[in-house]
Amino acid sequence: MSDDPQLDQQLTAHFGARRSADARRAPAFATMLAAAQQTVAHDAPTSVPVRAVAPRARARLVLVAVPMLAAAAALLLMLRPRESAADREFETLVTEWSRTSDVTRTSPTDALLSLPGDQYLRGMPTLEGDRLPSRTRNSS
Amino acid sequence: MTRPSLPASHLAPQLEALHEASFGWAVHCCDGDHDEAADVLQASYVKVLGGRAAFEGRSSFRTWLFGVIRFTALEVRRRSARELVLAAHHEPSDAPLAADEQLVAAEEQARLQHALTLLPDRQREVLHLVFYQGLSVSEAAEVMVVSVGSARVHYDRGKKRLRALLSANTDHTHDHHDARDVGT
């Protein structure tokens, strides 16, 4: 504030004059305070009934919500697909057929998988001397 | 949610002590509209007394109250959607032209007032807080909700620009007077 004393002085004088002018036009504090207190007192009760009313509103909500939930549950029960005895029997037959057909079923191309000597592929070969192929014994 | 920080019996004396300064600040926040400033100050008192604005002692009471007034003025102005009109009081020009000294002083005041209206809001605000309200720059920063560095920049630039505006205006006035003298 000291880099330009002349400007500072000018500003101080200017704002000082304005401060005096504003002070003359300022409304009385007592009047404003009384009005503010009155407004606060008037606004205050509005916050109290909100709590008093709240349980009543909740009860009203329950009265509306419970029948609505009951109606929705009943509607769901009515719309649920019913399983008849014939459906259950059909389902049992299909399940049984699927289980047995996995074991017994043969297809026309199954013969292609039958190769000569494929029995050796289904288990571990035994390595006893008598049973080894003769070609192996001659080569050694 | 209301949370009164201080009872009204404690608040009232503090508000009263700052009433004139608060009104002056409200006038500034309302761009010189005294009626609107009274409404803003009234609304601010309601907030303070009703506990909607609670003083928590993190700054001085005055700084806090000025902040409340500032934001209340913004609220009120936004709500009323009034045009922001830069107040250009030329009160000194209404003064009687009895003496040359009075005339010169009035002209200077008018030029300064006009130059102030040409400053950006932030610069004018910090100059008001410092020179009208007598706050320090750091206190002004709290009211303006800016950093001290930022307030300092606004303060320095405001004065620099004000100086430039005043000197340009003076040169222009002198030229005008010279031209008039030559003409006569």
Considering only heavy atoms, which portion of [X] lies under 4.5 Å from any heavy atom of chain A: side chain, backbone, both, or neither?
X	value
B:L162	side chain
B:L116	side chain
B:F23	side chain

Considering non-hydrogen atoms only, spot the tightest contact between [X] and [Y] and give its length.
X	Y	result
A:A36	B:Y45	CB-CB, 3.8 Å
A:R19	B:Q133	NH1-N, 4.5 Å
B:Q109	A:A13	NE2-C, 4.3 Å
A:L33	B:A12	CD2-CB, 3.9 Å

Treat each ILVMFWY residue as a node, draw an edge where side-chain heavy atoms are under 4.5 Å apart, and state whether [X] and [Y] are in one component.
X	Y	value
B:L166	B:V130	yes
B:V143	B:F61	yes
B:L112	B:L118	yes
B:V76	B:F71	no
B:L127	B:V146	yes

Value rounded to 0.5 Å, distance of [atom1] in [X] from [atom2] in [Y]:
X	Y	atom1	atom2	result
A:R18	B:H128	CZ	NE2	7.0 Å
A:Q10	B:R163	CD	CZ	11.0 Å
B:K160	A:L7	NZ	CG	13.5 Å

| request: Name the region of A:L11, side chain, backbone, both or neither, that has any atom closer than 4.5 Å to a heavy atom of chain B. | output: both

| request: Identify which part of A:A28 has an atom lying under 4.5 Å from any heavy atom of chain B, answering side chain, backbone, both or neither. | output: backbone

| message | For A:P27, is there any backbone N or O sitting under 3.5 Å from a side-chain donor or acceptor partner on B:H19? | response | yes

| Stepwise side-chain contact (heavy atoms from CB on, under 4.5 Å) check, A:R25 with B:V27 | CA-CA 10 Å; A:R25 296 183 67 172; B:V27 170; over 6 Å; no

| said: Any heavy-atom pair between the side chains of B:L15 and A:M32 that's under 4.5 Å? | reply: no

| Any A:Q37 side-chain heavy atom under 4.5 Å of B:L49 side chain | yes

| request: For B:R157, look at atom CZ and say whether over 12 heavy atoms of other residues, nucleotides or ligands are found less than 6.0 Å away. | output: no

| said: Atom CD of residue position B:E75 - does it have more than 12 heavy atoms of other residues, nucleotides or ligands inside 6.0 Å? | reply: yes

| query | Parallel, tilted or perpendicular for B:F131 and A:F15, by the 30°/60° rule? | reply | parallel

| task | May I ask you to name which of A:A26, A:A30, A:A35, A:G16 has the most heavy-atom pairs under 4.5 Å with chain B? | result | A:A26

